[in-house]
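Structure, as structure tokens:
Whatever order the structure lists ligands and atoms in, that order sets their numbers, starting from 1. The figures that follow rest on heavy atoms only: side chains count, while hydrogens, waters and symmetry mates do not. Model, not experiment: these values are computed from the prediction.
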Amino acid sequence: SIDILAIGLPALADKMLTQRAPDLGWTLHRPGPDGLPSPEVAERIVGVAASGAATVDARLIDALPALKIVSVHAVGYDMTDVAHARSRGVIVTHTPDVLNEDVADLALLLALGTLRRLPGMDAYVRAGCWASDGPPPLSRSATGLRYGLLGLGRIGQAIARRLEPLAGSLAYHTRNPVKDAPWRHVPNLVDLAAEVDVLIVIVPGGAATRGLVSAQVLGALGPTGVLINVARGEVVDQDALVAALTSGRLGGAGLDVFADEPNVPQALIDSDRCVLTPHIASATVETRNAMAELMMANLEAVLADRPPVTPVPD
Ligand code: NDP
């Protein structure tokens, strides 16, 4: 049989894999409490299907001597040790592009929702405050503001296209300017933060971007600035973010991702300056179906000795 290890997949992807496995001649396994399958199973595993949050480290890869592919159900593959997989000749794939529009939509929702204080306004009506206290305090206009993007890849460009009709100005920071992009490149992140009203973070996670949005960047964004993070929690110095928000040195934040999910600092939960969502930027029926299909297509291709559909870049 063809043995597959499924790790932490979201319900829809797990169901698709489970339903299709018999027709493909695949036998599914789950890791034990130590994160590994039993030794008899481990030596037969040829494919791993992993959620974006599942850790696929050197220990797991080395426990699977017959492994050919790690198919990650996410565009971000920061939880997989790609260098180690490569050194073992294991292919790593991910699910780019199919989630661009939904993630960009959520970035925009968080930006507008933070500026217009949408959750607070909703709560105001539900609590009966409108009737008892009259109109709530004013919010802030989103149109005409200066927007900045940290990251201008597949998703960053989809966010930029949405901001075009709204933004007074739009600039971005990446390590390399994007060829032919109509938006202004700012070579230094602190400079970008200092000149914009809203900074939207959409870079990959991992060692290269950990803490990139530092206390200094948040300070540059300032008391009327808004931070939106739809990338990975670790890209932002979360302690610095909590301190800046609660002291009023940062105006507001819209956050889909956190440093230690699913744990969210109480100070953020208590703050009316932020809008919080539980890492759901790609979590729609349509996009989760497309991601699961792509995860399956990569597994099927590599296990049939065909090239992967969407390998991670070199
Ligand atoms: P891409 O690889 O297409 O784009 C990444 C962008 O980040 C590029 O513009 C790149 O430019 C920039 N970048 C990378 N490293 C740095 C750095 N050190 N400093 C500044 N800029 C940097 O990725 P996608 O747009 O497809 O996805 C981005 C990330 O979004 C994913 O990796 C994932 O972590 C996150 N994501 C979160 C989701 C959620 O549910 N909240 C859903 C989907 C994705 P350059 O290389 O020139 O620096």
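At least one N or O atom of H279, backbone or side chain, sits closer than 3.5 Å to an N or O atom of ligand 1. The shortest N or O to N or O distance between D256 and ligand 1 is under 3.5 Å. An N or O contact shorter than 3.5 Å is missing between I280 and ligand 1 by distance.
For ligand 1, the atoms closer than 4.0 angstrom to any heavy atom of A281 are 39 (C), 40 (O), 41 (N). Close contacts between ligand 1 and V103 involve ligand atoms 42 (C), 43 (C) [criterion: under 4.0 Å to a heavy atom]. Interface atoms of ligand 1 facing A208, defined by a heavy-atom separation under 4.0 Å, are 18 (N). Counting atoms of ligand 1 from 1 in the listed order, those under 4.0 Å from a heavy atom of A231 are 34 (O), 35 (C), 37 (C). Interface of V257 with ligand 1, defined as ligand atoms under 4.0 Å from a residue heavy atom, comprises 41 (N).
Taking CG from L9 and CE from M291, the interatomic distance works out to 10.0 Å, rounded to the nearest 0.5 Å. Atom NE2 of residue H73 and atom CG of residue L294 lie 9.5 Å apart, to the nearest 0.5 angstrom. A distance of 7.5 Å separates CG of L166 from CG of L145, quoted to the nearest 0.5 Å.
A salt bridge does not link R86 with D81: every distance from a Lys NZ or Arg NE/NH1/NH2 to an Asp or Glu carboxylate oxygen is 4.0 Å or more.
Of the protein's non-hydrogen atoms, R175 NH2, 2.8 Å is the one closest to atom 46 (O) of ligand 1. Remark: minimum distance from atom 9 (O) of ligand 1 to any protein heavy atom is reached at L152 N, 2.9 Å. Among protein heavy atoms, atom 4 (O) of ligand 1 sits closest to G153 CA, 3.2 Å. The protein heavy atom nearest to atom 2 (O) of ligand 1 is R154 NH2, 3.4 Å. The closest protein non-hydrogen atom to atom 28 (C) of ligand 1 is I202 O, 4.0 Å. Looking only at protein heavy atoms, the nearest one to atom 44 (C) of ligand 1 is V75 CG1, 3.2 Å.
Of the options P204, G151, G233, G156, the smallest heavy-atom separation from atom 5 (C) of ligand 1 is shown by P204. Nearest residue to atom 7 (O) of ligand 1 from V203, V312, V230, I155 is V203 (criterion: closest heavy atom). Among L150, N176, T174, the residue whose heavy atom lies closest to atom 11 (O) of ligand 1 is T174.
Summarising the local packing, CD1 of I269 is surrounded by more than 12 heavy atoms from other residues, nucleotides or ligands at distances under 6.0 Å. No more than 12 heavy atoms of other residues, nucleotides or ligands lie within 6.0 Å of CZ in R116, so this atom counts as exposed by the packing criterion. Remark: E164 CD is packed, more than 12 non-hydrogen atoms of other residues, nucleotides or ligands lying under 6.0 Å away.
For the pair R184 (side chain) and A171 (backbone), a donor-acceptor distance under 3.5 Å is absent.
Checking each of H94, M295, E300 against S71 for a side chain to side chain contact (heavy atoms under 4.5 Å, CB included) leaves exactly one that passes, namely M295.
A 4.5 Å side-chain heavy-atom check between F258 and L276 finds at least one atom pair inside the cut-off.
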Step by step, would you call D272 with R117 a side-chain contact (heavy atoms from CB on, under 4.5 Å)? CA-CA 8 Å; D272 62 1; R117 294 206 314 273; 6.0 Å; no

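A donor and an acceptor atom, one from each side chain of D237 and S214, are nowhere located under 3.5 Å apart.
Taking a 4.0 Å cut-off on heavy atoms, P96 fails to register as neighbouring ligand 1. Using 4.0 Å as the threshold, L212 has a heavy atom nearer than that to some atom of ligand 1.
Contacts of R232 with ligand 1, taken as heavy-atom pairs under 4.0 Å, involve the side chain alone.
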